[in-house]
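One structure is given here, and the rest of the page talks about it.
In what follows, chains carry the letters A, B, and so on, assigned in the order in which the sequence lines appear, proteins first and then strands, with residues in each chain numbered from 1. Every heavy atom of this structure was used, including side-chain atoms; hydrogens, water molecules and symmetry mates were not.
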There are 2 protein chains.
Amino acid sequence: MIEYSGQPHYLVAVDCIVFGFDGEHLKLLLVKRGLEPEINKWSLIGGFVGANESPDDAANRVLKKNTGLEGIYLEQLQIYGEPHRDPIERTLSVGYFALIDIHKYEAQLSDEYHAEWFLVNESPKLIFDHAQMVADARKKLRYKAALHPILFEMLPKKFTIPQLQMLFEEVNDTKIDTRNFSRKISSTGLLIKLEEKDKSGSKKGAFYFKLDKKKYKANFQAFLNLIPNLKL
Amino acid sequence: MIEYSGQPHYLVAVDCIVFGFDGEHLKLLLVKRGLEPEINKWSLIGGFVGANESPDDAANRVLKKNTGLEGIYLEQLQIYGEPHRDPIERTLSVGYFALIDIHKYEAQLSDEYHAEWFLVNESPKLIFDHAQMVADARKKLRYKAALHPILFEMLPKKFTIPQLQMLFEEVNDTKIDTRNFSRKISSTGLLIKLEEKDKSGSKKGAFYFKLDKKKYKANFQAFLNLIPNLKL
DNA sequence: TTATTAAATGTCATTTTGACAAATAATAAT
DNA sequence: ATTATTATTTGTCAAAATGACATTTAATAA
């Protein structure tokens with residue numbers, strides 16, 4: 001086979017910043033690294049890009065391998081390519097952030113796989129430049145969530161408005177006025193009110209809502225401006 | 001040196017989608033490819049990532065080499081990594097989009113370098129997946145420019161409101177109401193009106209403005225909502 | 001029956017937006 | 001010198017969106 005002469009070749013990896021929401025706090029899914037160097041240290045879910053797959057394919061593959069999950073919301077963050085970010089040999093890594101409905105998969109996660117959820121603000125020291133990746137991912141999540149309804153990806157099919165608001169508050173690390181928030185959310189027309197109530201949080205109970213899938217897909221690219229007094 | 005055993009290694013390149021504005025239309029800077037395959041075909045400005053540089057470094061380097069320009073606005077687009085996107089051997093490419101003040105460098109461009117400007121809508125067939133990169137870059141440019149004042153990067157230090165509006169109209173492929181546009185622009189507080197007028201376009205002449213650099217940097221991350229009836 | 005507690009909803013003044021047309025400043029023509 | 005021309009600049013108003021603020025409601029517990 002012909003080759004481009006004399007050019008250096010590198011390893012290419014993917015790393016996934018996996019976010020979840022437990023109903024109260026934003027969480028981060030981490031694994032213990034399985035190879036040297038830094039074996040058994042906490043790491044993002046990642047792996048090398050194989051010969052017959054794209055980075056996107058690789059990200060989906062390593063997510064499936066480490067969590068059993070398929071069809072996860074996944075978005076390219078950026079490439080991390082400082083020459084010495086990996087001490088062994090040069091490896092460029094494509095960062096992805098992923099959003100997971102934490103409840104849906106909680107059981108199988110802790111059993112079959114040894115990934116663990118951490119509160120984003122209490123996560124352990126990470127290998128290489130993974131802490132930077134997490135910081136970048138949080139920033140991008142805030143940015144994106146202010147304009148597009150991606151946070152629903154972290155909620156179960158049925159959810160309440162107070163839950164939704166808590167998620168927004170967690171992501172943006174801010175308090176939002178209840179009245180203005182529900183007005184804005186309902187003005188998007190993305191939610192369908194259900195008969196059932198969630199009684200776990202209060203005596204009165206909060207009505208469940210579900211996403212209007214059609215409108216969700218149609219409006220995914222539209223600008224919603226969901227965060228008041230937004231300053232990034 | 002220790003290596004990760006058995007993992008495939010790839011070439012990593014960068015490709016820059018370079019936009020400019022000639023006062024009327026949005027333009028794209030292309031070069032004739034200098035190596036096989038597809039030698040002498042039109043291509044984005046690109047090159048391989050060297051052993052001691054990051055992709056960001058590489059992008060700046062190839063831009064300097066092909067245009068003589070330094071300090072250009074450059075932003076990572078995404079990675080292009082389909083296994084067979086390069087027919088010779090596997091090469092992943094990091095896409096960047098760049099914004100240039102076309103006038104400032106017009107002379108040196110055409111003389112020293114053989115890069116050429118094309119109207120974005122009349123650009124020639126491009127190699128590999130470069131056409132896709134251009135399409136993605138245009139989309140991201142629209143998106144970004146709707147929220148952040150990046151389009152000023154394509155204008156000379158002194159510019160008029162009608163020029164600015166034309167640029168916005170070009171990027172968004174739409175007509176904007178003059179009155180609402182200037183109201184919105186002036187409400188950003190980013191512009192400083194100069195004494196001088198540009199008499200080239202009309203009898204009355206249009207006042208020159210310049211950017212308030214401090215406010216520009218301070219507000220770069222803020223949301224400006226510059227495009228009416230925005231639908232992406 | 002009352003107390004408790006979180007959920008849901010309403011009001012109002014201010015700001016922003018979108019749609020629309022008239023006035024202005026400089027030169028060119030008569 | 002007056003008028004015509006043409007792009008630039010600016011103004012109005014109704015509608016919608018926003019931010020700040022407190023009360024009512026529904027269910028259970030006391």
Side-chain angles (χ1 to χ4, degrees), chain A residues 23-24 146-149 155-156 158-170 172 174-210 219 222-232, chain B residues 23-24 146-147 149 155 158-170 172 174-210 219 222-232:
Chain A
E24 286 193 87
L147 301 166
H148 306 288
L155 288 172
K158 295 185 303 184
F159 52 86
T160 67
I161 303 292
Q163 279 171 25
L164 183 62
Q165 179 170 345
M166 256 190 291
L167 175 51
F168 270 85
E169 290 178 337
E170 270 287 301
N172 291 283
T174 183
K175 284 290 174 190
I176 305 176
D177 182 272
T178 317
R179 296 154 286 193
N180 294 340
F181 179 77
S182 66
R183 178 177 61 193
K184 205 160 234 179
I185 288 296
S186 64
S187 80
T188 65
L190 291 177
L191 297 193
I192 298 172
K193 193 176 192 171
L194 303 179
E195 298 292 316
E196 196 186 353
K197 270 188 170 182
D198 169 29
K199 296 283 187 60
S200 67
S202 70
K203 296 161 189 169
K204 182 177 179 178
F207 279 104
Y208 278 118
F209 288 78
K210 66 174 182 180
N219 287 314
F223 282 25
L224 296 177
N225 202 11
L226 296 166
I227 300 300
N229 295 318
L230 183 64
K231 276 172 189 71
L232 302 172
Chain B
E24 286 194 86
L147 301 166
L155 288 172
K158 295 186 303 185
F159 53 87
T160 68
I161 303 293
Q163 279 171 24
L164 183 61
Q165 179 169 346
M166 257 191 289
L167 174 52
F168 270 85
E169 290 177 336
E170 270 289 298
N172 291 284
T174 183
K175 284 290 175 188
I176 304 176
D177 181 90
T178 316
R179 296 154 286 191
N180 295 338
F181 180 77
S182 66
R183 177 177 59 191
K184 205 160 236 178
I185 289 296
S186 65
S187 79
T188 66
L190 293 176
L191 297 192
I192 297 171
K193 194 174 190 171
L194 303 178
E195 298 291 317
E196 195 186 352
K197 270 188 171 183
D198 168 29
K199 295 284 186 61
S200 67
S202 71
K203 295 160 188 168
K204 181 178 179 180
F207 279 103
Y208 278 117
F209 288 79
K210 67 174 180 181
N219 287 314
F223 282 22
L224 296 177
N225 201 10
L226 296 165
I227 300 301
N229 296 318
L230 181 64
K231 274 166 192 76
L232 301 173

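Within 4.0 Å (heavy atoms only), B:Ser182 reaches at least one base atom of the nucleic acid.
Counting atom types as modelled, A:Lys204 pairs a side-chain N or O with a base atom of C:dA7 as donor and acceptor under 3.5 Å.
Against DNA chain D, the stretch residues 159-168 of chain A makes no heavy-atom approach under 4.0 Å. Against DNA chain D, the stretch residues 192-201 of chain A makes heavy-atom approaches under 4.0 Å through A:Lys197, A:Lys199.
Considering only residues two or more places apart in sequence or on other chains, B:Ser186 meets the side-chain contact (heavy atoms from CB on, under 4.5 Å) condition with none of them. Scanning for side-chain hydrogen bond (donor to acceptor under 3.5 Å, both in side chains) contacts around B:Glu195 gives an empty result, with sequence neighbours left out. When the salt bridge (Lys or Arg N to Asp or Glu O under 4.0 Å) test is applied to B:Arg183, no partner is found at least two apart in sequence or on another chain. In this view, A:Glu170 and A:Phe21, A:His25, A:Leu26 satisfy the side-chain contact (heavy atoms from CB on, under 4.5 Å) rule, not counting sequence neighbours. Under the salt bridge (Lys or Arg N to Asp or Glu O under 4.0 Å) criterion, B:Glu24 pairs with no residue, sequence neighbours left out.
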Pair up each side-chain donor or acceptor in residues 199-209 of chain B with any protein partner under 3.5 Å, not counting sequence neighbours, and list the distances.
unit_1: B:Ser200; atom_1: OG; unit_2: B:Asp198; atom_2: OD1; d: 2.7
unit_1: B:Ser200; atom_1: OG; unit_2: B:Asp198; atom_2: OD2; d: 3.3
unit_1: B:Ser202; atom_1: OG; unit_2: B:Gly205; atom_2: N; d: 2.9

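Whole-Å rounding puts the B:Arg183 CZ to C:dA19 P distance at 11 Å. Taking atom CZ of A:Phe207 as the reference point, atom C1' of C:dT9 lies 13 Å away to the nearest angstrom. Put simply, CZ on B:Arg179 is 10 Å from C1' on D:dT10, counting in whole angstrom units. We find that CG of B:Asn180 is positioned 8 Å from P of C:dA19, with the value rounded to whole Å.
For A:Gly205 and A:Asp177, each mapped to the nucleotide of DNA chain C holding its nearest heavy atom, the one lying further toward the 5' end belongs to A:Gly205.
Within the structure, the salt bridge (Lys or Arg N to Asp or Glu O under 4.0 Å) test picks out no pair touching residues 185-194 of chain A (sequence neighbours left out).
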